Amino acid sequence: MKDENNENQTAENKSKGILITEGAELTVNLTMSASANGPNITFGSDATSFLRQDLCRHWLRIALEHCLTAKQANLNLKLANDEDNSDELSAALREEFTSSMQAIMASEISLDSFYSSVKSRISIPEDQRNAWRQKRTPRWKQIAEVYRLGCGLKNCSMNGVRDGLQTIYRFRDYAVHPPANMEKPIFHPDIERGVEWRFVAFRYSNACEAVHFTIDFLSRMSASPNSNFDSLKTYCENLEPAINNSAEIWNNNFPDQPIESRNRD
């Protein structure tokens, strides 16, 4: 695999131009120069372009797509269970498991991407950073605090945010740092059988909760950036349509768990 960022390649003289994709920010630095050669003055200019791609929207879309796949797999799972078809039951369980795991992981990465974007656009007090390092504050707690500073979360809303983030990060650790020890089978409620515990942890209902929390949370955050940070306001304004689009797709497919539309403060 090549890391194109380290290939020292630029687009100016190797392509037809620059393609501006959804979620990309373009900056152009223009340099003017003048030089004197005797009585003559020569003027010149040089333009350098820079791109930055937002990944939050893309990971959110991936999470939503896998959640929809997990939804269908769960229907297939229940059908195979009713028919007592072992082969189809195993295939559907595997599909539900892998799709749910990817939906939850993509949700966490989307939140992490949004956190990085917010963090880079606000001022975090140095004593706050020092306290995080000294106390080895868990990442999900740091993320919740950055959201509070950047998006005006009130104290009464913080408990629900912390709970949701803590849960998603716990499931992330289940996938990324799985314990190697043997465990007793646990009951899977949709097939009334004992399975390895991760098939219960990464099932459709949990994926559904994770993706719902993520879309709803990002919808709230992107609609209420701290007015003290102009760069953050611009970022949220650009991100908000993508979040609203994901919310619309969600509401069309999960009308019993709607995400309410929000107006910018």
Side-chain angles (χ1 to χ4, degrees), residues 56 58-115 136-144 159-218 246 249-259:
C56 174
H58 298 294
W59 282 110
L60 185 62
R61 185 178 298 135
I62 292 169
L64 185 52
E65 289 171 355
H66 282 296
C67 188
L68 291 172
T69 302
K71 179 182 181 181
Q72 183 59 53
N74 183 256
L75 294 174
N76 296 339
L77 181 70
K78 293 176 178 177
L79 179 61
N81 183 58
D82 292 340
E83 296 176 350
D84 203 23
N85 186 319
S86 296
D87 290 340
E88 291 187 6
L89 187 64
S90 295
L93 181 64
R94 183 174 63 251
E95 179 71 12
E96 181 194 45
F97 165 70
T98 56
S99 297
S100 297
M101 181 164 53
Q102 291 176 90
I104 293 172
M105 286 296 297
S107 294
E108 184 273 333
I109 298 173
S110 179
L111 291 167
D112 224 25
S113 177
F114 184 71
Y115 155 74
R136 296 184 178 180
T137 303
R139 185 169 177 80
W140 62 267
K141 285 188 177 181
Q142 295 183 37
I143 289 175
N159 287 337
V161 169
R162 291 193 186 100
D163 290 345
L165 291 174
Q166 184 180 21
T167 298
I168 287 181
Y169 271 79
R170 185 173 70 251
F171 275 77
R172 175 224 179 241
D173 288 343
Y174 289 163
V176 179
H177 306 294
N181 53 304
M182 301 286 287
E183 299 282 354
K184 292 181 179 180
I186 63 174
F187 184 77
H188 193 302
D190 291 334
I191 60 175
E192 300 176 329
R193 288 169 170 82
V195 295
E196 205 266 356
W197 66 270
R198 274 163 286 217
F199 284 96
V200 176
F202 294 107
R203 67 185 191 273
Y204 163 64
S205 59
N206 286 339
C208 193
E209 288 185 23
V211 177
H212 180 276
F213 170 83
T214 302
I215 298 175
D216 184 64
F217 180 73
L218 290 175
S246 291
I249 294 173
W250 174 274
N251 288 341
N252 289 337
N253 287 276
F254 305 94
D256 57 328
Q257 304 174 66
I259 294 173

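From a predicted model like this one, the values you see are computed outputs, not experimental measurements.
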Measure the spacing between [atom1] of [X] and [atom2] of [Y] and express it to the nearest 0.5 Å.
| X | Y | atom1 | atom2 | answer |
| --- | --- | --- | --- | --- |
| Cys56 | Tyr115 | SG | OH | 14.5 Å |
| Ile249 | Leu68 | CD1 | CG | 8.0 Å |
| Ile215 | Phe254 | CD1 | CZ | 8.5 Å |
| Met105 | Asp112 | CE | CG | 9.5 Å |
| Ser110 | Phe217 | OG | CZ | 10.5 Å |
| Glu65 | Leu60 | CD | CG | 10.0 Å |

Kindly give the heavy-atom pair with the smallest separation between [X] and [Y], and that separation in Å.
| X | Y | answer |
| --- | --- | --- |
| Leu165 | Trp140 | CD1-O, 3.8 Å |
| Ile191 | Val195 | CD1-CG1, 4.0 Å |
| Ser246 | Leu64 | O-CD2, 3.6 Å |
| Cys67 | Ala103 | N-CB, 3.8 Å |
| Ile168 | Ala210 | CD1-O, 4.0 Å |
| Val211 | Ser107 | CG2-OG, 3.5 Å |

Next on the checklist: Taking side chain to side chain donor-acceptor pair (under 3.5 Å) as the definition, give me every residue that meets it alongside Asn251, ordered by chain and number, with sequence neighbours left out.
Outcome noted: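 Checked Asn251 against side chain to side chain donor-acceptor pair (under 3.5 Å); zero matches.
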Next on the checklist: Just to verify, what does Lys141 make a side chain to side chain donor-acceptor pair (under 3.5 Å) with, not counting sequence neighbours?
Outcome noted: none
Non-hydrogen side-chain atoms of [X] and [Y] separated by less than 4.5 Å:
| X | Y | answer |
| --- | --- | --- |
| Met101 | Phe171 | no |
| Leu93 | His188 | yes |
| Phe202 | Glu96 | no |
| Ser100 | Asn206 | no |
| Lys71 | Asn74 | no |

Next on the checklist: For Arg94, is the CZ atom crowded, meaning more than 12 foreign heavy atoms sit under 6.0 Å from it?
Outcome noted: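 12 or below, so no.
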Checklist entry - Does the pair Leu111 and Ile143 meet the rule for a side chain to side chain contact (heavy atoms under 4.5 Å, CB included), with working shown? => result CA-CA 9 Å; Leu111 291 167; Ile143 289 175; 5.9 Å; no
Checklist entry - Is it true that a side-chain atom of Glu196 and a backbone atom of Arg198 form a donor plus acceptor pair closer than 3.5 Å? => result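 Yes: the side chain of Glu196 pairs with the backbone of Arg198.
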Item to check | Leu79 vs Glu88, side chain to side chain contact (heavy atoms under 4.5 Å, CB included): CA-CA, chis, key distance, verdict | outcome: CA-CA 9 Å; Leu79 179 61; Glu88 291 187 6; 6.0 Å; no
Item to check | Residue pair Asp84, Arg193: steps toward the salt bridge (Lys or Arg N to Asp or Glu O under 4.0 Å) verdict | outcome: CA-CA 12 Å; Asp84 203 23; Arg193 288 169 170 82; 2.8 Å; yes
Next on the checklist: Looking only at the side chains, is there a donor atom on one of Glu183 and Asn181 sitting less than 3.5 Å from an acceptor on the other?
Outcome noted: yes
Next on the checklist: Checking side-chain polar atoms at under 3.5 Å, does Asn81 have a donor or acceptor matched by the opposite partner on Asp190?
Outcome noted: no
Next on the checklist: Between Glu95 and Thr69, does the side chain to side chain contact (heavy atoms under 4.5 Å, CB included) criterion hold? Intermediate values first, please.
Outcome noted: CA-CA 8 Å; Glu95 179 71 12; Thr69 302; 3.1 Å; yes
Next on the checklist: Checking Cys208 against Gln257 for the side chain to side chain contact (heavy atoms under 4.5 Å, CB included) test, could you report, in this order, the C-alpha distance in whole Å, the side-chain angles of both residues, the deciding distance, and whether it holds?
Outcome noted: CA-CA 10 Å; Cys208 193; Gln257 304 174 66; 3.5 Å; yes
Item to check | Quiz item: cation-pi between Lys78 and Tyr204, 6.0 Å / 45° | outcome: no
